[in-house]
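Quick caveat, the model's predicted, so the values are computed rather than measured.
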Amino acid sequence: MNKRYFNIAGPCYPRKHYMIDAAERGGEEILNLIEKEHYFVIHSSRQSGKTTLLWEFTNYLNAHKKYYALYCSLEAVHEFNDPEKGIPEIVKTIKSCIEIQGLPDGFAKDADYSHTSGVLKSALTRYCRQLDKPLVIFFDEADCLSNGTLITFLRQLRDGFVSRGNIPFVHSIALAGMRNIRDYKAQVRPDSYTLGSSSPFNIVTKSITLPAFAHTDIKNLYFMHAIDTKQIFKPEAIEYIFEQTCGQPWLVNAIAREITEEILKNDYSISVTKEMAEAAIQNLILTRPTHFDSLLERLKEPRVRKVIEPLILGEESEARTSDDYLYVKDLGLIKGEKGEPTIPANPIYAEIIVRFLSEEPQESIELSLVNYTVPRYLKAGKMDMGFLLRDFQAFWRENSEIWINRYEEKIFQYAEAAPHLVLQAFLQRVMNGGGQITREMALGSKRADLCIVYDGQKYPIEIKILRNEKTITDGIVQTFEYMEKCGADEGWLVVFDRDTKKSWDEKIYIQPKNYNGKLITVVGA
């Protein structure tokens, strides 16, 4: 029985798990910051390797005996908004971590917990004074602190930082979490509140983001498994996994685990293929593990909706420098470098976002349209898209008002995206078990693309909201471009008209168009 395995829960340990050396992901930079006595932030999305990295550096620094290094998670303190309760809990948490990790004792001895505004600084100062080596602390889950506790925590770190030249204090501190330091500010700066002139945030020298796995990282990770078991991940499987995950560490491990343990049942005599990777991804999407659930819960937040809803529609969103945009990026839901479009962080996240937001209509459609399945729409072995979309027109005409209201009132206020999401719910219901839907979304693209794939045939669909007289003409061009990308000779442009003054007879139509020698059917809804 192979002892090591692909880990999807908690930090990784070399003796137990296949893992990429976390120190290689920004290790030299972090060591340089520590050497220069800096305080800094390490942030990246959930389950991307932060805790593993912090433990690696804690063990590395302690092993080299130049520093005392302490790992301290603040997750258990998240419920204490009041600093009178929160700060003593932080001090007690640090004390417990010191004892468990075997650092010299004496921290917070005779601490005055009633002195909320100074007990943390005082305890750290006295402790550092007695140590024979500098102290480095890695605070994990630092962004879970809130309100007064967070402010008081950072103020005391700042007070110790600025007086280090004369009074002993912590040599270097890393604050780790999903969010960058600027979002700590947004978290505690309501309009009616001021932090004063001496901001507790200005001690941070640098914010470091953990990078996703590169293609070579995934290859090396899977090669470790091959060395142990002789089971090979074929190149096309690795390429597909990289394409679908964009290197998100949890996804890379979860797919490998699903294949090796669930699909192949630890039979290492069988090589891993692209088809197995496809099946593993579909299994994960359908079972929706807690990693997905924690991300999807964020979609309910108004500041996340302000970015994700325009992404679904292909419309402009918050400026890339806005706190909301950067917050959603830090959560790992989107990506987009300067000069590149903003898109979902990876195709798997794009799929689960749309499925989650269209879950309720899909369940409702499933109850009311039990006979609407792939065979109903097959004609000579091909999808009859005209028949399929006419059925959707009838469904939308009858139910659009209900669903728009429900999205406004119950489904996290995604009313503007309701037409797109209900159409995708309808198509997903038809396709379940009989085909696939691939989706492409990008902020500011003024388009939303999806492609039905059935029995090797591709059926590209462009979705647009009618804004003006150019919507359809621009949409035809965009549909043609998407058809070229998909390698299809026929495409469909679905245009939703939200004008309440128009009759349904005006909104519902099907118009075939010939564009550059290809058939594009415009479907009004």
Side-chain angles (χ1 to χ4, degrees), residues 30 33-42 54-55 57-78 80-142 144-145 148-176 184 195-196 198-205:
I30 291 172
L33 290 168
I34 292 171
E35 286 288 333
K36 293 181 178 179
E37 304 182 51
H38 290 316
Y39 289 13
F40 56 98
V41 166
I42 302 172
L54 300 184
W55 270 115
F57 272 102
T58 299
N59 295 332
Y60 173 87
L61 294 175
N62 284 323
H64 284 73
K65 302 185 183 301
K66 184 177 179 180
Y67 305 102
Y68 289 115
L70 178 72
Y71 170 87
C72 180
S73 173
L74 299 175
E75 184 175 12
V77 194
H78 79 280
F80 299 101
N81 295 332
D82 185 345
E84 291 185 1
K85 295 182 179 179
I87 295 300
E89 288 298 324
I90 292 174
V91 174
K92 292 172 185 177
T93 299
I94 296 172
K95 182 177 176 65
S96 174
C97 290
I98 286 173
E99 293 171 354
I100 292 170
Q101 294 171 44
L103 271 66
D105 59 14
F107 177 78
K109 185 179 180 181
D110 302 321
D112 180 6
Y113 290 111
S114 67
H115 183 37
T116 304
S117 63
V119 63
L120 174 62
K121 178 194 171 186
S122 176
L124 287 171
T125 296
R126 292 178 180 178
Y127 187 60
C128 290
R129 180 176 284 127
Q130 77 175 52
L131 295 176
D132 60 339
K133 290 183 291 188
L135 176 65
V136 177
I137 302 180
F138 298 102
F139 283 113
D140 202 0
E141 306 291 348
C144 76
L145 300 179
T149 295
L150 174 60
I151 298 170
T152 307
F153 170 72
L154 292 173
R155 280 209 186 284
Q156 293 185 60
L157 295 186
R158 181 184 186 280
D159 288 347
F161 174 86
V162 298
S163 59
R164 286 186 307 174
N166 300 304
I167 303 172
F169 202 66
V170 185
H171 175 87
S172 181
I173 289 177
L175 304 174
Y184 291 39
L195 296 178
S198 56
S199 170
F201 303 100
N202 63 11
I203 60 173
V204 171
T205 301

Mind checking whether Phe57 and Tyr60 have parallel, tilted or perpendicular rings, split at 30° and 60°?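 If you compare the ring of Phe57 with that of Tyr60, the planes turn out perpendicular.
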
Mind telling me whether Phe153 and Phe139 have parallel, tilted or perpendicular rings, with 30° and 60° as the class edges? perpendicular

Are more than 12 heavy atoms from other residues, nucleotides or ligands located less than 6.0 Å from atom CD of Gln130? yes

Tell me, yes or no, whether the heavy-atom count around Lys133 atom NZ, taken from other residues, nucleotides or ligands under 6.0 Å, exceeds 12.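 Atom NZ in Lys133 is packed in, count exceeds 12.
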
Atom pair [atom1]/[atom2] of [X] and [Y] - distance to nearest 0.5 Å:
| X | Y | atom1 | atom2 | result |
| --- | --- | --- | --- | --- |
| Thr149 | Asn81 | OG1 | CG | 6.5 Å |
| Leu145 | Phe80 | CG | CZ | 11.5 Å |
| Ile98 | Leu135 | CD1 | CG | 7.0 Å |
| Leu175 | Phe40 | CG | CZ | 9.0 Å |
| Glu89 | His78 | CD | NE2 | 12.0 Å |
| Leu120 | Thr152 | CG | OG1 | 10.0 Å |

Between Leu33 and Ser172, does the side chain to side chain contact (heavy atoms under 4.5 Å, CB included) criterion hold? Intermediate values first, please. CA-CA 8 Å; Leu33 290 168; Ser172 181; 5.7 Å; no

Heavy-atom side-chain contact between Pro104 and Leu131 under 4.5 Å: yes

Does the side chain of Ile151 come within less than 4.5 Å of Pro83's, by heavy atoms?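 No; the side chains remain at least 4.5 Å from each other.
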
Given the rule in the side chain to side chain contact (heavy atoms under 4.5 Å, CB included) test, do Tyr39 and Val170 qualify, once you have shown the distances and angles that lead to the verdict? CA-CA 9 Å; Tyr39 289 13; Val170 185; 3.7 Å; yes

Closest contact, heavy atoms only, [X] versus [Y]:
| X | Y | answer |
| --- | --- | --- |
| Cys72 | Ile94 | SG-CG1, 3.9 Å |
| Glu37 | Phe161 | O-CE1, 4.3 Å |
| Phe138 | Leu54 | CD2-CD2, 3.8 Å |
| Thr125 | Pro168 | CG2-O, 3.3 Å |
| His171 | Ile34 | NE2-O, 2.7 Å |
| Gly160 | Arg164 | O-CG, 3.0 Å |

Is a donor from one side chain sitting under 3.5 angstrom from an acceptor on the other, for Tyr68 and Asp132? yes

Can any side-chain N or O of [X] pair as donor or acceptor with the backbone N or O of [Y] at less than 3.5 Å?
| X | Y | result |
| --- | --- | --- |
| Tyr71 | Asn59 | no |
| Gln156 | Lys121 | yes |
| Tyr113 | Lys92 | no |

Working note: Ser117 + His115, criterion side chain to side chain contact (heavy atoms under 4.5 Å, CB included); need CA distance, chi angles, decisive distance, verdict. CA-CA 6 Å; Ser117 63; His115 183 37; 3.5 Å; yes

